[in-house]
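Beneath this line is the structure, given in structure tokens, with notes to follow.
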Amino acid sequence: MFADNYKLVLAKIDSAAKRAGRNPMDITLIAVTKSAVIEDIKLAFEQGIKDFGANRVQEEADKVRSITGARWHFIGHLQRNKVKYVLPVYSSVQTLDRISLAGELQRYAVKLDQMVRVLIQVNISGEKSKFGLPPDDLAGFLKEIRGCDRLKVQGLMTMAPFVDDPEMARPYFRQLRQLRDKNARPDLDLPELSMGMTNDFEVAVEEGATMVRIGSALFGIK
Ligand SMILES: *Cc1c(COP(=O)(O)O)cnc(C)c1O
């Protein structure tokens, strides 16, 4: 049942935050909808979830349109030719990982006369199967996109390797936070760390996540 799942997830975020001396209110729960039916998404919204994450542009369009007042975050790999569908609908793109995509986001944002909130996806683990910038490229990337005045860079996003024991994911989350600390500037403080999924979100919260992206723990496994 969604309501029970939701309660349990909130309780776990709460206790993980407290273990780390953090305020649970500083953590945004993003409900990832890829395994959810529209009825459950509506229920989630009614019960208080305001942030949703989707990772496919077309397939998610109906889900996105099904609720007004929710914020949708794009968390899938984004191709440049899909930017035009994403920009008008999503309130952030969490998977900016290359210059060409930054350029396209900037171009469309100018065209639509809007700002785009982005998180930069970093491939901390270096796994070939994962998208994201290599950590060492972040500083150069931030410099290169400085001219993209329509991008509002809010922070970093990562996916840890899939492991049975969530403790094994901790070093990757810690490295993302340290990378942020190293690259933050007074004019670009990168407050958001989007990290942690069903398997590892408690550890991610302990390591400083400000956004956790949770699908199956809320909606079940498809
Ligand atoms: C599917 C997905 C999630 C949620 O995964 P769960 O393990 O179901 O919580 C989070 N982030 C991204 C990028 C995803 O694709």
Side-chain angles (χ1 to χ4, degrees), residues 1-13 16 27-38 40-41 43-45 47 49-61 63-64 70-79 82 86 89-98 101 117-133 154-170 172-173 175-177 192-222:
M1 270 307 298
F2 173 79
D4 297 330
N5 294 348
Y6 181 34
K7 237 184 258 164
L8 190 62
V9 166
L10 284 184
K12 285 180 172 173
I13 290 174
I27 296 141
T28 302
L29 169 58
I30 297 179
V32 176
T33 58
K34 62 176 174 258
S35 67
V37 293
I38 287 177
D40 275 349
I41 298 173
L43 199 61
F45 184 72
Q47 297 193 8
I49 295 186
K50 295 291 176 266
D51 292 88
F52 294 86
N55 59 355
R56 287 177 304 258
V57 179
Q58 256 103 21
E59 291 91 323
E60 301 288 341
K63 292 179 180 174
V64 170
R71 284 183 293 268
W72 286 83
H73 305 273
F74 192 79
I75 60 171
H77 183 63
L78 183 54
Q79 282 157 352
K82 299 286 168 63
V86 166
V89 180
Y90 287 83
S91 65
S92 81
V93 171
Q94 301 208 342
T95 49
L96 175 56
D97 62 353
R98 57 203 192 280
L101 180 58
R117 282 187 283 269
V118 295
L119 272 64
I120 297 169
Q121 184 175 4
V122 183
N123 186 357
I124 294 284
S125 68
E127 289 168 285
K128 290 231 161 47
S129 60
K130 289 202 160 64
F131 292 106
L133 280 184
Q154 301 201 297
L156 307 179
M157 178 272 211
T158 201
M159 289 171 85
F162 192 82
V163 286
D164 288 330
D165 176 4
E167 273 306 319
M168 304 287 283
R170 188 182 296 278
Y172 302 99
F173 297 141
Q175 282 172 48
L176 191 75
R177 172 164 48 87
E192 304 288 357
L193 291 175
S194 175
M195 56 189 196
M197 316 190 344
T198 289
N199 272 311
D200 52 22
F201 71 90
E202 294 169 85
V203 170
V205 167
E206 289 173 6
E207 293 299 327
T210 61
M211 296 173 152
V212 289
R213 309 178 308 268
I214 299 180
S216 24
L218 289 171
F219 298 116
I221 297 164
K222 203 196 252 171

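Note that the numbering runs from 1 along the sequence shown for the chain. We count ligands from 1, going down the list as the structure has it; atoms in each ligand are counted the same way.
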Do the ring planes of Y90 and W72 sit parallel (below 30°), tilted (30 to 60°) or perpendicular (above 60°)?
perpendicular
Indicate yes or no: does R170 engage E206 in a salt bridge with an N to O separation below 4.0 Å.
yes
CZ on R177 to OG1 on T210, rounded to 0.5 Å:
12.0 Å
With I49, which of V9, L43, L29 fulfils side-chain contact (heavy atoms from CB on, under 4.5 Å)?
L29
No-hydrogen, no-angle side-chain donor-acceptor test under 3.5 Å, S194 and Q94:
yes
Could you go through ligand 1 and list every pair where one of its N or O atoms sits under 3.5 Å from a protein N or O, giving the atom names and the distance to one decimal?
residue, atom, partner, partner atom, Å
ligand 1, 8 (O), S216, N, 2.8
ligand 1, 8 (O), S216, OG, 2.7
ligand 1, 9 (O), T198, N, 3.0
ligand 1, 9 (O), T198, OG1, 2.5
ligand 1, 9 (O), G215, N, 2.8
ligand 1, 11 (N), R213, NE, 2.9
ligand 1, 15 (O), K34, NZ, 2.8
ligand 1, 15 (O), N55, ND2, 3.2

OG1/T33 to CD1/I41 distance, rounded to the nearest 0.5 angstrom?
4.5 Å
